[in-house]
Amino acid sequence: MNILHISDMHFGPRHWLGKSELLLEKLNSYAADIVINTGDNTTDALENEFEAAGNFLKSIDCEHVVSIPGNHDKRNMRSADYFRQYIDDIDVIRPLNRENCRKKNIFLDGNTNGIKEHFTDINFLKNITINGETVLVVCLDSNSLYKDNGFVEKEILRSLSHAISKASYDRIILLNHHSILDTDSDPLFNSKIVVEFVREHNIEHVFCGHTHHLSIMRSTDLYHKHSFTQYKNGSLSSGNTLNDTNMFLYYKNFGTKAMEIHVVRAIAENECLRFKEEKITAY
């Protein structure tokens, strides 16, 4: 199967100044079986930004588009409502025991007016079958309302594990916004428990974004004899940081020994947009 990976689109006037049509034409030129979008769909979590991001995602020519929120998508008390209205109306996994939750603002006050969804975490599973193989996509919300740093609730990991135990699949992958390996920039403070979760479920591929900087790393635990690769994508937004160029990733023959990682960079020159592609052999 082939996977297209986009991240950090940041729709909104402070970041998204590009031509959507040009990017869509390029994205749709790849034969993707699954598109994964690892968060920061918006800049300030405003409704019009969610609507613009949703329209863009719906224009990608792929049956299976899986999106998760980023920290910028949680700058509004109605973020969960907007995500489900414009991005994906998924059934979220709720904690098995609400009393065990310690994540700040994971539940909003029930008396807050105008909010349909008072549970702010968007964790879910998606089962996707490609060419007879079933992929379980585990989507972990590493974001907290109004915060840039990441935090994962232990009770949510327990609840996700419970849901995974009931699922049937051939392959399992994880999507989360914050990196679980190189955690220096706007860190995920309790990344250790996520790494343990990855090992517990024998997850070999983890996808993230957040820092707008490309990083593809493989981690090996010699004691537990478990390895996983983390693919951290750069930003698709036109208003990028100085860390790296704008980009997206394409994984051809994903998970096989013939796997190729295509880094596709979008470069603006003289008010024109060109794409530069480099290929990395995974094995």
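Residue numbers count from 1 along this sequence.
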If you measure from CD on E200 to NE2 on H224, what distance do you get to the nearest 0.5 Å? 11.0 Å

Can you measure from CG (N37) to CD1 (I6) and round to the nearest 0.5 angstrom?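 N37 CG to I6 CD1: 4.5 Å, rounded to 0.5 Å.
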
Parallel, tilted or perpendicular: which one describes the rings of F50 and F83, with boundaries at 30° and 60°?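 Perpendicular.
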
Does the plane of the ring in F248 sit parallel, tilted or perpendicular to the ring in Y30? Use 30° and 60° as the thresholds.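 Rings of F248 and Y30: perpendicular, as their planes differ by over 60°.
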
Shared hydrophobic cluster, [X] / [Y] (ILVMFWY, side-chain heavy atoms < 4.5 Å):
X	Y	result
F275	I267	no
Y146	F107	no
I106	L108	no
F228	I280	yes
M217	L174	yes

Between F207 and Y251, does the ring centre distance come in under 6.0 Å?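 For F207 and Y251, the ring centres are under 6.0 Å apart.
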
Aromatic ring centroids of H201 and H226 under 6.0 Å? no

Taking [X] for the side chain and [Y] for the main chain, is one N or O donor matched with an acceptor at less than 3.5 Å?
X	Y	result
N76	A45	yes
Q230	I180	yes
D40	H72	yes
R84	I90	yes

Side-chain H-bond candidate by donor/acceptor type, [X] with [Y], under 3.5 Å:
X	Y	result
T42	D73	yes
D182	S179	yes
D148	N71	yes
S237	H10	no
D8	S235	no
E47	Y86	yes

Could you check whether any side-chain heavy atom of K103 comes within less than 4.5 Å of a side-chain heavy atom of D121, counting everything from C-beta outward?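 In contact.
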
Testing K232, H177, H5 for side-chain hydrogen bond (donor to acceptor under 3.5 Å, both in side chains) with T38, which one passes? H5

Salt-bridge present (R158, E155; N to O < 4.0 Å):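 Looking at R158 and E155, the cut-off is met.
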
